[in-house]
There are 2 protein chains.
Amino acid sequence: MSGEDNLLKLVEVEEADDHDYLLQEQVGFILRKAHQRHVSIFAARIADLTPPQFAALAKLRDVGETSQNQLGTLIAMDAATVKGVIDRLKARGMVELSRHEVDKRRLLVNLTPEGRDAIERLIPLAREITLETLAPLTAKEIVTFMKLLAKLA
Amino acid sequence: MSGEDNLLKLVEVEEADDHDYLLQEQVGFILRKAHQRHVSIFAARIADLTPPQFAALAKLRDVGETSQNQLGTLIAMDAATVKGVIDRLKARGMVELSRHEVDKRRLLVNLTPEGRDAIERLIPLAREITLETLAPLTAKEIVTFMKLLAKLA
DNA sequence: GCAAATTCATTCGTATGCAAATGATATCAA
DNA sequence: TTGATATCATTTGCATACGAATGAATTTGC
């Protein structure tokens, strides 16, 4: 029985046999592995920055100065996580922080010139990372896959 | 310009304009979000076990007693990560550890009766997690997506 | 205008995830 | 057989990731 048959069975029948549960066919398990592979490709091409750090810089380049929380929303990180990422970028001089003058709760984040240079320099490498991650697929498959993946995310 | 057009352009042209780099269209960023969504669905249905812990138990159910390293290979975890996962499962009485009699380097891992009960009980919930994760797709799209995702992972 | 609710940020605790270094054991090869 | 390699496991250090609790500041509702 192929993986596809199992999948169809899973969708169609009401009660499945527990012996049929195969971890390596579950979408969560494969998603985790695909993500791991991407992170590994990323690290091989961009050694001095993690994907979340890159995401923060790339988004700041898009939108300019924003609050830490808003940035977290834009790059899908909760408040606790984004704080750590921004702290480390600040320690490396890539971003600078300031208080919002009107709303004193907000911590504004912006690229420094060094941060801007870094993200501009890294974007061509990031394009290669995307291509290498998608390399197992044909051009047509890439279009299909990205459409479906976006529906899941 | 649609996301698909950008994608095609990325594949086809030799040199792209840096202004075209959009984080939210990159496969790595969307993979990370899809994985996050899955973990969130998992946590909502199985509160007392993480996906990696579940994966360890499910694989032990498949293959029976194995070395810690071999288990890590089977569930795509490096040695340091699998050690932490197994330590926590052991602390909760789900697995038991023993030394391999011939090769004294190996640490054998096996389900306890409690661990076996737990994984048998959780598998039906895991099926639901898979279905809910894939719920944004039609049955046909699921087949296509799983085939392409497997090629990437 | 004021109490309640909301928002922004921080901190703590727990759990992956991986690189690198280390130690113990096993295997290979000259 | 023994010296070089390889394998298995552990430890340390660093970086996400998120729930829950907290405090400060703002907005809402009446």
Side-chain angles (χ1 to χ4, degrees), chain A residues 28-29 31-44 46-57 65-92 94 97-109, chain B residues 28-29 31-44 46-57 65-92 94 97-109:
Chain A
F29 183 73
L31 267 180
R32 176 170 149 274
K33 286 212 298 177
H35 182 247
Q36 280 177 358
R37 174 170 168 271
H38 166 75
V39 172
S40 168
I41 291 169
F42 189 103
I46 299 182
D48 62 336
L49 222 55
T50 64
Q53 290 166 1
F54 176 89
L57 295 182
E65 189 175 59
T66 343
S67 74
Q68 193 174 262
N69 244 25
Q70 175 62 14
L71 180 61
T73 300
L74 293 172
I75 59 180
M77 286 178 211
D78 73 8
T81 301
V82 79
K83 187 192 187 310
V85 172
I86 294 303
D87 279 354
R88 284 180 285 275
L89 288 174
K90 186 195 175 211
R92 296 176 50 179
M94 311 281 253
L97 305 179
S98 60
R99 281 286 159 190
H100 192 285
E101 299 210 347
V102 176
D103 186 342
K104 295 180 203 163
R105 294 170 304 177
R106 296 190 204 173
L107 185 63
L108 296 175
V109 188
Chain B
F29 183 73
L31 267 179
R32 176 170 149 273
K33 286 211 299 177
H35 183 246
Q36 280 177 358
R37 175 170 167 272
H38 166 74
V39 171
S40 167
I41 290 169
F42 189 103
I46 299 182
D48 61 337
L49 222 55
T50 65
Q53 289 166 0
F54 177 89
L57 295 183
E65 188 174 58
T66 344
S67 74
Q68 192 174 263
N69 244 25
Q70 174 62 14
L71 180 61
T73 299
L74 294 172
I75 58 180
M77 286 177 209
D78 74 9
T81 300
V82 78
K83 185 192 189 311
V85 172
I86 293 303
D87 279 354
R88 286 180 284 276
L89 288 174
K90 185 194 175 209
R92 296 174 51 179
M94 312 281 252
L97 305 179
S98 58
R99 281 288 159 188
H100 191 286
E101 298 209 347
V102 176
D103 186 342
K104 295 180 204 163
R105 295 170 305 178
R106 297 191 203 171
L107 186 63
L108 296 176
V109 188

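Numbers restart at 1 for each chain; the letters A, B, ... are given by sequence-line order, proteins then strands.
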Peer 1: Heavy atoms from C-beta onward define the side chain here; which of D:dT12, C:dA9, D:dA17 lies closest to that of A:L107?
Peer 2: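 From the listed options, C:dA9 comes nearest.
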Peer 1: For residues A:Q53 and A:R92, determine if any side-chain heavy atom of one lies less than 4.5 Å from a side-chain heavy atom of the other.
Peer 2: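 Side-chain contact under 4.5 Å: yes.
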Peer 1: Which heavy-atom pair separates A:R105 from A:R99 by the least distance, and what is that distance?
Peer 2: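 Nearest heavy atoms, A:R105 then A:R99: O-NH1, 3.0 Å.
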Peer 1: In whole angstrom, what separates B:F42's CZ from D:dG19's C1'?
Peer 2: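 It works out to 17 Å between those atoms.
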Peer 1: For A:V85, which contact category applies under a 4.0 Å heavy-atom criterion: base, sugar-phosphate, or nothing?
Peer 2: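 The answer is sugar-phosphate, as A:V85 gets under 4.0 Å only of primed atoms, P, OP1 or OP2.
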Peer 1: Would you say that B:L31 contacts A:L31 through its side chain, given a criterion of any heavy-atom pair below 4.5 Å between the two side chains?
Peer 2: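 Yes, at least one pair of side-chain atoms sits under 4.5 Å.
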Peer 1: Once you round it to whole Å, what is the distance between C1' of D:dC18 and NE2 of B:H38?
Peer 2: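 For the pair B:H38 NE2 and D:dC18 C1', the rounded distance is 15 Å.
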Peer 1: Could you tell me the separation between the CG atom of A:L89 and the P atom of D:dC14, rounded to a whole number of Å?
Peer 2: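 Those two atoms, CG and P, are 17 Å apart.
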Peer 1: Are B:E65 and B:V109 close enough, and set up right, to give a side-chain contact (heavy atoms from CB on, under 4.5 Å), and what steps lead you there?
Peer 2: CA-CA 6 Å; B:E65 188 174 58; B:V109 188; over 6 Å; no
Peer 1: How do A:S40 and A:R106 order along DNA chain C: which one's closest nucleotide is nearer the 5' end?
Peer 2: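 Nearest nucleotide further toward 5': that of A:R106.
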Peer 1: Hey, is the side chain of A:T50 poking within less than 4.0 Å of OP1 or OP2 on D:dT16, counting only N and O atoms?
Peer 2: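 Yes, because at least one side-chain N or O of A:T50 sits under 4.0 Å from OP1 or OP2 of D:dT16.
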Peer 1: Kindly say whether B:I86 contributes a backbone atom to a donor-acceptor pair with the side chain of B:Q68 at under 3.5 angstrom?
Peer 2: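 Pair absent, no side-chain N/O of B:Q68 close to backbone of B:I86.
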Peer 1: Expressed as a whole number of angstroms, how long is the span from A:I86:CD1 to C:dT10:P?
Peer 2: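 These atoms are roughly 10 Å apart.
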Peer 1: What I'd like to find out is whether the side chain of A:R32 reaches to under 4.5 Å of the side chain of B:P51, using heavy atoms alone.
Peer 2: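 Side chain of A:R32 against side chain of B:P51, heavy atoms only: no contact under 4.5 Å found.
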Peer 1: Given D:dC8, is OP1 or OP2 found less than 4.0 Å from the side-chain N or O atoms of B:R99?
Peer 2: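 No.
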Peer 1: Ignoring backbone atoms, establish whether B:Q68 has a side-chain N or O less than 4.0 Å from OP1 or OP2 of D:dT10.
Peer 2: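 It does, given that an N or O in the side chain of B:Q68 lies less than 4.0 Å from OP1 or OP2 of D:dT10.
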Peer 1: Using the closest heavy atom to pick a nucleotide of DNA chain D for each, name whichever of B:D87 or A:V102 lands nearer the 5' end.
Peer 2: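 The answer here is B:D87.
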Peer 1: Mind checking B:D103 for me? I need base, sugar-phosphate or nothing, with any heavy atom below 4.0 Å counting as a touch.
Peer 2: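 Sugar-phosphate contact only - B:D103 comes under 4.0 Å of backbone atoms but never of a base.
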Peer 1: Nearest-nucleotide wise, let me know which of A:A80 and A:K104 is further upstream toward the 5' end of DNA chain D.
Peer 2: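 Checking each residue's closest nucleotide, the 5'-ward one belongs to A:A80.
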Peer 1: Whole angstroms only, please: what is the CZ-P distance between A:R105 and C:dT10?
Peer 2: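 About 13 Å, once rounded to whole Å.
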Peer 1: B:Q70 has an atom CD; how far is it from atom P of D:dA6, in whole Å?
Peer 2: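 Rounded to the whole Å, the gap is 20 Å.
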Peer 1: Tell me whether the side-chain N/O atoms of A:R32 come closer than 4.0 Å to OP1 or OP2 in C:dG17.
Peer 2: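 Yes, A:R32 has a side-chain N/O under 4.0 Å of OP1/OP2 on C:dG17.
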Peer 1: In whole angstrom, give the distance that lies between atom CE of B:M77 and atom C1' of D:dA9.
Peer 2: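 After rounding, the reported distance stands at 16 Å.
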Peer 1: How many Å lie between CG on B:N69 and C1' on C:dA26, as a whole number?
Peer 2: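 To the nearest whole Å, that distance equals 14 Å.
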Peer 1: Can you tell me if A:R88 touches the phosphate of D:dT16, counting only side-chain N or O atoms and a distance under 4.0 Å to OP1 or OP2?
Peer 2: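 Yes.
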Peer 1: For A:Q36 and A:L108, take the nucleotide of DNA chain C holding the closest heavy atom to each; which residue's nucleotide lies nearer the 5' end?
Peer 2: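 In this pair, the answer is A:L108.
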Peer 1: Please confirm whether the shortest side-chain N or O distance from B:Q53 to OP1 or OP2 of C:dT16 is below 4.0 Å.
Peer 2: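 Yes, because at least one side-chain N or O of B:Q53 sits under 4.0 Å from OP1 or OP2 of C:dT16.
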Peer 1: Counting side-chain heavy atoms from CB outward, which of C:dT16, D:dT11, D:dT16 is closest to A:T81?
Peer 2: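 Out of C:dT16, D:dT11, D:dT16, the nucleotide with an atom closest to A:T81's side chain is D:dT16.
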